[in-house]
Enquirer: 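To start, I am sharing the structure in question, which I have written as C-alpha cells.
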Amino acid sequence: MQIIMALLLDAVFGDPRGIPHPVAGIGRLISFYEKFFYGRGGSKAGGALLCAAVLATAGAAVALVLSFAAFIGEWAYAAVNIYLLYAAIAFKSLKDESAPVARLLAEGNLEGARRQVGRIVGRDTERLSEGGVVRAAVETIAESYVDGIVSVLFYMALGHLLGGQEALFAWLFKAASTMDSMIGYDDERYHDFGFAAAKLDDALNFIPARLGGVIAVAAGALANMDYKRAWRVFLRDRRNHKSPNSAHGESVFAGLLGIQLGGGAFYGGEWEPRPTLGDDLREPEPNDIFRAQYILNISVAICAVLIFAIR
C-alpha cells in the first residue's frame with residue numbers, strides 16, 4: 001500500500017533533501033495571495049478568499065502533476081504519488097529536531113539546548129531552565145504528533161476510501177496547516193485576515209486530535225507506561241489550551257511521562273499565562289525527550305496497522 005510505503009520512506013530518510021519540497025511551494029503561494037487579498041487592514045473576507053484560492057491552486061497542482069504522471073505510465077504515477085505522500089509526513093524530522101536538545105542537555109550545554117529548542121518552538125527560550133527546555137521539546141513532539149503525522153495519515157486514509165485520492169486529500173490538509181502556521185495568528189496584522197485559516201485548521205484537526213490522543217494512550221499501554229493515569233489526565237486536561245486540539249496529544253504525553261506540561265511562557269518578550277497539563281509528579285529530565293519519541297514511535301506504528309486494516 002502506497003501510504004505505508006511513504007511512511008516507511010519518511011521513517012528511514014526523513015524530509016526529502018535536494019528536491020523541491022511542496023510545502024515551500026505552498027508557502028510561496030500563500031505569500032503571493034496574501035499580497036493580492038490583504039488589501040487595507042486585512043479583512044476576514046479577504047482571508048477567506050485567500051484560503052479558497054490556496055486550496056484551489058494546491059489541489060489543482062496536485063491533480064495536474066498526477067495526471068501528467070499517469071499519462072507517462074503506471075510506474076510514473078505510482079512514483080509521483082508515493083513521493084507526494086512521503087513529502088507530506090513529518091515523522092523522522094520531528095525526532096531529528098528534538099533529539100539534539102536532549103543530547104545538549106546531557107552534555108551540560110544548556111545554552112545550546114535553548115538555541116536548539118528555539119528552532120522548533122514559538123516561545124522565548126533564552127531564559128528557560130533545563131526543565132523548561134525539556135517541557136518545550138516534549139510539547140512540540142506531542143503537538144506535532146497530531147498535526148504533522150496523525151492528521152496527515154487520517155486524510156490520506158480518507159482520500160483512499162473516497163476513490164484513491166490520498167495525495168490530493170493530504171496536500172489539501174497540508175495547505176490548510178501551512179496557512180495556519182503563516183497567517184493564523186491572533187495579532188494586529190492577522191486577527192481578522194488569519195481568522196479563516198485558523199478556524200479551518202481547527203476544524204480539520206478536530207477528529208485527528210482526539211483520535212491521536214486515544215492512540216497515544218494505547219501506545220503507552222504497549223510501552224508498559226501508566227496508561228491509566230494518561231487516560232485520566234487526557235479526560236481532565238485535553239481542553240486546557242486556547243486551541244481546541246493542541247492539548248489532546250500533550251495531555252496524554254504528560255500523563256504517560258508523569259510530568260507537567262503547558263503553563264505560562266514568554267512570547268515576544270511578554271508573559272502569556274496558560275493552563276497546565278498533567279500532574280507535577282517530578283521534574284522533567286533530558287531523557288523525557290527520548291521517552292516522548294518512544295511513545296511517538298509506537299503511536300505511529302499503531303497508525304500504520306490501522307491504515308493497513310482499512311486497506
Enquirer: Does CE belonging to M1 count more than 12 external heavy atoms closer than 6.0 Å?
Expert: yes
Enquirer: When you check the gap from the basic side-chain N to the acidic O, do D279 and R232 get nearer than 4.0 Å?
Expert: yes
Enquirer: Output yes when E250 and R135 qualify as a salt bridge under the 4.0 Å nitrogen-oxygen rule, no when they do not.
Expert: no
Enquirer: Looking at residues at least two apart in the chain, or sitting in another chain, which of them share a side chain to side chain donor-acceptor pair (under 3.5 Å) with S299?
Expert: none
Enquirer: Are D15 and S93 close enough that some pair of their side-chain heavy atoms sits under 4.5 Å apart?
Expert: yes
Enquirer: Please confirm whether K35 makes a cation-pi placement over Y33, using NZ or CZ under 6.0 Å from the six-membered ring centre and within 45° of the ring normal.
Expert: no
Enquirer: Strictly below 4.0 Å, N to O, side chains only: are R274 and E272 in salt-bridge contact?
Expert: yes
Enquirer: Tell me yes or no: between the side chains of S177 and D147, is some donor less than 3.5 Å from an acceptor?
Expert: no
Enquirer: Between I307 and H160, is a side chain to side chain contact (heavy atoms under 4.5 Å, CB included) present by the stated rule, with each step listed?
Expert: CA-CA 10 Å; I307 290 172; H160 174 74; over 6 Å; no
Enquirer: Check whether any side-chain N or O of H21 sits under 3.5 Å from a backbone N or O of P16 as a donor-acceptor pair, and report yes or no.
Expert: no
Enquirer: Look up atom CG in L158 and atom CG in L162, then write down how far apart they are to the nearest 0.5 Å.
Expert: 4.5 Å
Enquirer: Under the 3.5 angstrom rule, does the side chain of W171 hit a backbone N or O of A58 as a donor-acceptor pair?
Expert: no
Enquirer: Could you tell me which non-hydrogen atom of N245 sits nearest to which non-hydrogen atom of F206, and how far apart they are?
Expert: OD1-CA, 3.4 Å
Enquirer: CD1 of I3 to CG of L8: how many Å apart, nearest 0.5 Å?
Expert: 12.0 Å
Enquirer: Would you give the length of the straight line joining atom CG of L110 to atom CG of L128, rounded to the nearest 0.5 angstrom?
Expert: 8.5 Å
Enquirer: State whether the side chain of D192 and the backbone N or O of K44 hold a donor-acceptor pair below 3.5 Å, judged by distance alone.
Expert: no
Enquirer: Please check if the distance between the ring centroids of Y155 and F173 is under 6.0 Å.
Expert: yes
Enquirer: Between Y145 and F253, is the ring centre distance below 6.0 Å?
Expert: yes
Enquirer: Looking only at heavy atoms, what is the nearest atom pair of L204 and A176, with distance?
Expert: CD1-CB, 3.5 Å
Enquirer: Shortest non-hydrogen contact from A69 to V80?
Expert: CB-CG2, 3.7 Å
Enquirer: Within the 4.5 Å heavy-atom criterion, are Y38 and R189 side-chain neighbours or not?
Expert: yes
Enquirer: Tell me, with the steps shown, if Y83 and L9 meet side chain to side chain contact (heavy atoms under 4.5 Å, CB included).
Expert: CA-CA 9 Å; Y83 171 76; L9 283 172; over 6 Å; no
Enquirer: Test V233 against V252 for side chain to side chain contact (heavy atoms under 4.5 Å, CB included), laying out the working first.
Expert: CA-CA 7 Å; V233 172; V252 175; over 6 Å; no
Enquirer: Quick one: does R282's side chain have a donor or acceptor within less than 3.5 Å of a partner on L257's backbone?
Expert: yes
Enquirer: Around atom CD of E126, are there more than 12 heavy atoms from other residues, nucleotides or ligands closer than 6.0 Å?
Expert: yes
Enquirer: For the pair Q116 (side chain) and E97 (backbone), establish whether a donor and an acceptor sit closer than 3.5 Å, ignoring hydrogens and angles.
Expert: yes
Enquirer: Could you tell me which non-hydrogen atom of L7 sits nearest to which non-hydrogen atom of A304, and how far apart they are?
Expert: CD2-CB, 3.9 Å
Enquirer: Are the side chain of T140 and the backbone N or O of V121 linked by a donor-acceptor pair below 3.5 Å?
Expert: no
Enquirer: I want to check a possible cation-pi pair here: R238 against F234, using under 6.0 Å from ring centre and within 45° of the ring axis as the test.
Expert: yes
Enquirer: State, to 0.1 Å, how close S98 and I141 come at their nearest heavy-atom pair, and which atoms those are.
Expert: OG-CD1, 3.6 Å
Enquirer: Is there a donor-acceptor pair closer than 3.5 Å between any side-chain N or O of R119 and the backbone N or O of R115?
Expert: no
Enquirer: State whether F266 and R127 meet the cation-pi test: NZ (Lys) or CZ (Arg) under 6.0 Å from the six-membered ring centroid, and within 45° of the perpendicular axis.
Expert: yes
Enquirer: Got a second to check how far Y267's OH is from D187's CG, nearest 0.5 Å?
Expert: 14.5 Å
Enquirer: Checking the side chain of K92 only, and the main-chain atoms of F13 only, is there a donor and an acceptor separated by less than 3.5 Å?
Expert: no
Enquirer: Using modelled atom types only, decide if a donor and an acceptor are shared between the side chain of Y77 and the backbone of I72 within a distance under 3.5 Å.
Expert: no
Enquirer: Give a yes or no on whether K199 atom NZ has more than 12 heavy-atom contacts from other residues, nucleotides or ligands under 6.0 Å away.
Expert: no
Enquirer: List the steps and the verdict of side chain to side chain contact (heavy atoms under 4.5 Å, CB included) for N240 and S251.
Expert: CA-CA 9 Å; N240 287 0; S251 61; over 6 Å; no
Enquirer: Which atom pair, heavy atoms only, marks the closest approach of G262 to E139?
Expert: N-OE2, 2.7 Å
Enquirer: What's the spacing between D201 CG and D180 CG if we round to 0.5 Å?
Expert: 4.0 Å
Enquirer: State, with a plain yes or no, whether a side-chain heavy atom of M179 is found less than 4.5 Å away from one of L55.
Expert: yes
Enquirer: So, do V133 and T125 sit near enough that their side-chain heavy atoms are less than 4.5 Å apart?
Expert: no
Enquirer: Determine whether V134 and E285 make a side-chain contact, defined as any pair of heavy atoms from C-beta on separated by less than 4.5 Å.
Expert: no
Enquirer: Side chains of L50 and I183: closer than 4.5 Å at any heavy-atom pair?
Expert: yes
Enquirer: Answer yes or no: is there a side-chain heavy-atom contact under 4.5 Å between M156 and I89?
Expert: yes
Enquirer: Determine, for E130 against R114, whether the closest basic-nitrogen to carboxylate-oxygen distance falls under 4.0 angstrom.
Expert: no
Enquirer: Return yes if some donor-acceptor pair links the side-chain N/O of S246 with the main-chain N/O of K242 below 3.5 Å, else return no.
Expert: no
Enquirer: Taking the side chain as C-beta and beyond, is there a heavy-atom pair between R103 and F290 under 4.5 Å?
Expert: yes
